[in-house]
2 protein chains.
Amino acid sequence: MSDPIRRSTKQRAAIYDVVQQLPNFHSAQDIHAELTQRGSRVGLSTVYRALSAMANDGDVDTLLRDDGETLYRQCADSAHHHHLVCRQCGATIEVDGPTVEIWTQHIAAQHDFDDVSHTLEIFGRCPQCRAG
Amino acid sequence: MSDPIRRSTKQRAAIYDVVQQLPNFHSAQDIHAELTQRGSRVGLSTVYRALSAMANDGDVDTLLRDDGETLYRQCADSAHHHHLVCRQCGATIEVDGPTVEIWTQHIAAQHDFDDVSHTLEIFGRCPQCRAG
DNA sequence: AACGATATTGACAATCGTTTTCATTTAGGA
DNA sequence: TCCTAAATGAAAACGATTGTCAATATCGTT
Ligand SMILES: [Zn+2]
Ligand SMILES: [Zn+2]
Ligand SMILES: [Zn+2]
Ligand SMILES: [Zn+2]
């Protein structure tokens, strides 16, 4: 019933470092490629496992791409927030919307829904990409 | 360059009917199974193609599940709206949030983002499921 | 009604992200 | 050091979706 004791490994440390250092959202395979690039030979399965765990623990944010691929990112803000993401270059800005949070609560209460959560992402084209 | 002329077929009509009649969100495979159940022998590829086209034309709404599977639904409101979805039974309520719409515009403008869109879904447990 | 160009279908294979398997390795407490 | 369970990774399995392509069906034209 209780979760197994978690041991610290070279691999997880390496994965953590990469996620920490990469800007914006990246796929598990991206991160695995980056690790390989850096000479860290870590199995792809391990990368998937580590990222899932980190996301589960709330240590990293996840973003579901239109095609279903999951992207991971280490955000500055550990509290609940959302993202404004450039569709073209992936530039990501963390945004906060107290009003939206309240609104979702309202809607849920209004329909007598329980145990509420929500997903919200804003997509667009950043100034750099518009200029380029 | 121009799109090919679209011809109407038995298969697409059958798919359309099923989507029209099924409540809530369902996967392409769900819909294919329902068609088979009804005795309509339609290829799975055709179901995928038809649903993609319908979604593309804005005739049906789509919802990305956590695991990346795409769900389709025929909504009553053809205009832009969002959903309050029961995590357990899939019961879906269409909701409107003018405030949220304005807020996303604000955020985008504030960061000089262009060509803005957004995704927003609310998940929870409906009263029926709480009772059950 | 028959024709012909081409849009559509569907069985099947291929793709691709992700998960599982399981034998081997490793972390960390005794 | 020793032991046990956690962790790894190579490879296979998985599952949703897409591509292939020969056969079929639609629809404007004759
Ligand atoms: Zn950009
Ligand atoms: Zn929120
Ligand atoms: Zn429910
Ligand atoms: Zn909206």
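Predicted model only: the values in this text are computed from it and were never measured. Labels below follow one simple rule: chain letters A, B, ... track the order of the sequence lines, proteins then strands, and each chain is numbered from 1.
- Contact check, B:Ser8 against D:dC27: a side-chain N or O comes under 4.0 Å of OP1 or OP2.
- Under the 3.5 Å distance criterion, the side-chain polar atoms of B:Thr36 are matched with a main-chain donor or acceptor of B:His32.
- In this structure, of C:dG10, D:dT8, D:dA16, it is C:dG10 that holds the atom nearest to the side chain of B:Gln11.
- Judged by distance alone, with hydrogens and angles left aside, B:Arg6 brings no side-chain donor or acceptor close enough to the base of C:dA7 to form a pair under 3.5 Å.
- Atom CZ of A:Arg130 sits about 9.5 Å away from atom SG of A:Cys86, to the nearest 0.5 Å.
- Between B:Thr46 and C:dG10 there is a side-chain N or O to OP1 or OP2 distance below 4.0 Å.
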What's touching nucleotides 20-24 of chain C from the protein side, N or O pairs under 3.5 Å?
unit_1: C:dT20; atom_1: O4; unit_2: A:Ser45; atom_2: OG; d: 3.3

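- In terms of phosphate contacts, B:Tyr48 brings a side-chain nitrogen or oxygen within less than 4.0 Å of OP1 or OP2 of D:dT17.
- Under the ring-ring contact (aromatic ring centres under 6.0 Å, His included) criterion, A:His81 pairs with A:His83, not counting sequence neighbours.
- Between A:Glu94 and A:Arg73, at least one side-chain N (NZ, or NE/NH1/NH2) sits under 4.0 Å from a carboxylate O, which counts as a salt bridge.
- A heavy atom closer than 4.0 Å to some atom of DNA chain C occurs in A:Gln29, these being the qualifying members of residues 20-40 of chain A.
- Considering only the side chain of B:Arg7, D:dA25 comes nearest among D:dA25, C:dA27, C:dT18.
- Distance CD1/A:Ile107 to CZ/A:Phe113: 11.0 Å, rounded to 0.5 Å.
- Regarding contacts with the backbone of C:dG10, every side-chain N or O of B:Arg41 stays at 4.0 angstrom or more from both OP1 and OP2.
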